[in-house]
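Structure first, then comments.
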Amino acid sequence: MSGNITFTMIKPMAMRNGAGGAILKMIQDGGFEIIALKMKQMSKSDAEEFYGIHKDKPFYENLVEFMTSGPIIAAVLKKDNAVEDYRKLLGSTNPETAEEGTIRRAFATNMTMNAAHGSDSDENAIIETKFHFKDDEIFN
Ligand code: ATP
Ligand code: MG
């Protein structure tokens, strides 16, 4: 599955705002096939591991606290060039500079509560997919 999948999470504030369905629709309208999907609440240790690359950053604790504050939707998306194309659909990390028509422009609250996550490489897409889904939960 290398090269044509990416992993996304719809973050807790977007879920609290009732935007989960609308974001999934933007994903499908953007040409992505949803090949795995679940709603779950991450534990503190899950979030610490998932965002471990940021553990020395000043926003890390706040990010972990936020990401465990309520349920998320986790999904695996399939499309040619999935990682890059999905990051385009997400828009920039800071929603104030996210382009019109992007998920973050439409649904982000601020930099931390920026509506959704997207993998940043094919390698991380696979690592993040395996972190959240067993093989028999992926319909590839
Ligand atoms: P994501 O990994 O969630 O798709 P990203 O790849 O655009 O986002 P990263 O640099 O990987 O951005 O940062 C991970 C997450 O950490 C961001 O989505 C955001 O929620 C939070 N974050 C990043 N930078 C900041 C910051 N300067 N202040 C507050 N939160 C931040
Ligand atoms: Mg990232």
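A quick note: this is a predicted structure, and the numbers were derived from the prediction, not measured.
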As an exercise, state the distance from [atom1] of [X] to [atom2] of [Y], rounded to the nearest 0.5 Å.
{"X": "I138", "Y": "K130", "atom1": "CD1", "atom2": "NZ", "value": "8.0 Å"}
{"X": "E128", "Y": "F133", "atom1": "CD", "atom2": "CZ", "value": "11.5 Å"}
{"X": "E99", "Y": "L90", "atom1": "CD", "atom2": "CG", "value": "10.5 Å"}
{"X": "H54", "Y": "Y60", "atom1": "NE2", "atom2": "OH", "value": "10.0 Å"}
{"X": "T8", "Y": "I103", "atom1": "OG1", "atom2": "CD1", "value": "6.5 Å"}
{"X": "F131", "Y": "N124", "atom1": "CZ", "atom2": "CG", "value": "12.5 Å"}

Do [X] and [Y] belong together in a cluster built from hydrophobic side chains that touch within less than 4.5 Å?
{"X": "V76", "Y": "M39", "value": "no"}
{"X": "M111", "Y": "L63", "value": "no"}
{"X": "L37", "Y": "I5", "value": "no"}

Report summary line: Sorted by chain and residue number, the side chain to side chain donor-acceptor pair (under 3.5 Å) partners of N114 (sequence neighbours excluded) come out as K11
Query raised in the report: Sub-3.5 Å donor-acceptor pair from the side chain of E33 to the main-chain atoms of K79, do we have one?
Result: no
State, to 0.1 Å, how close [X] and [Y] come at their nearest heavy-atom pair, and which atoms those are.
{"X": "D120", "Y": "V83", "result": "C-CG1, 3.8 Å"}
{"X": "A125", "Y": "T6", "result": "CB-CA, 3.9 Å"}
{"X": "F32", "Y": "L77", "result": "CD2-CB, 4.0 Å"}
{"X": "I35", "Y": "K78", "result": "CG2-CB, 3.9 Å"}
{"X": "F7", "Y": "H132", "result": "CZ-CD2, 3.2 Å"}
{"X": "I72", "Y": "P12", "result": "CG2-CD, 3.6 Å"}

Query - Sequence-distant partners of D56, salt bridge (Lys or Arg N to Asp or Glu O under 4.0 Å), two or more places apart - result: none
Query raised in the report: For F107 and M26, what are the C-alpha separation, side-chain angles and deciding distance, and is it a side chain to side chain contact (heavy atoms under 4.5 Å, CB included)?
Result: CA-CA 11 Å; F107 296 110; M26 281 181 83; 3.7 Å; yes
Report task. Check the surroundings of atom CD in E61: do more than 12 heavy atoms from other residues, nucleotides or ligands lie under 6.0 Å from it? Result -> no
**Report entry** D135 atom CG: more than 12 heavy-atom contacts under 6.0 Å
**Finding:** no
Query - Contact check, side chains of L24 and I10, non-hydrogen atoms, under 4.5 Å - result: yes
Query raised in the report: Any side-chain heavy atom of I27 sitting closer than 4.5 Å to one from Y86?
Result: yes
Query - salt bridge (charged side-chain N to carboxylate O under 4.0 Å, His left out): pairs with one or both residues in residues 36-48, sequence neighbours excluded - result: K38-E137, K44-E48
Report task. Applying side-chain contact (heavy atoms from CB on, under 4.5 Å), name anything that partners E123, two or more places apart in sequence or on another chain. Result -> S121, I127
**Report entry** side chain to side chain donor-acceptor pair (under 3.5 Å) contacts touching residues 102-111 (sequence neighbours left out)
**Finding:** E100-R105
Query raised in the report: Just one of M113, M9, H117 clears the side-chain contact (heavy atoms from CB on, under 4.5 Å) bar with M67, so which one?
Result: M9
Extract all donor-acceptor atom pairs below 3.5 Å that involve side chains of residues 14-21 and protein atoms in other chains or at least two apart in sequence.
from: R16; atom 1: NH1; to: S69; atom 2: O; distance (Å): 3.4
from: R16; atom 1: NH1; to: S69; atom 2: OG; distance (Å): 3.3
from: R16; atom 1: NH2; to: S69; atom 2: OG; distance (Å): 3.2
from: N17; atom 1: ND2; to: M13; atom 2: O; distance (Å): 3.3

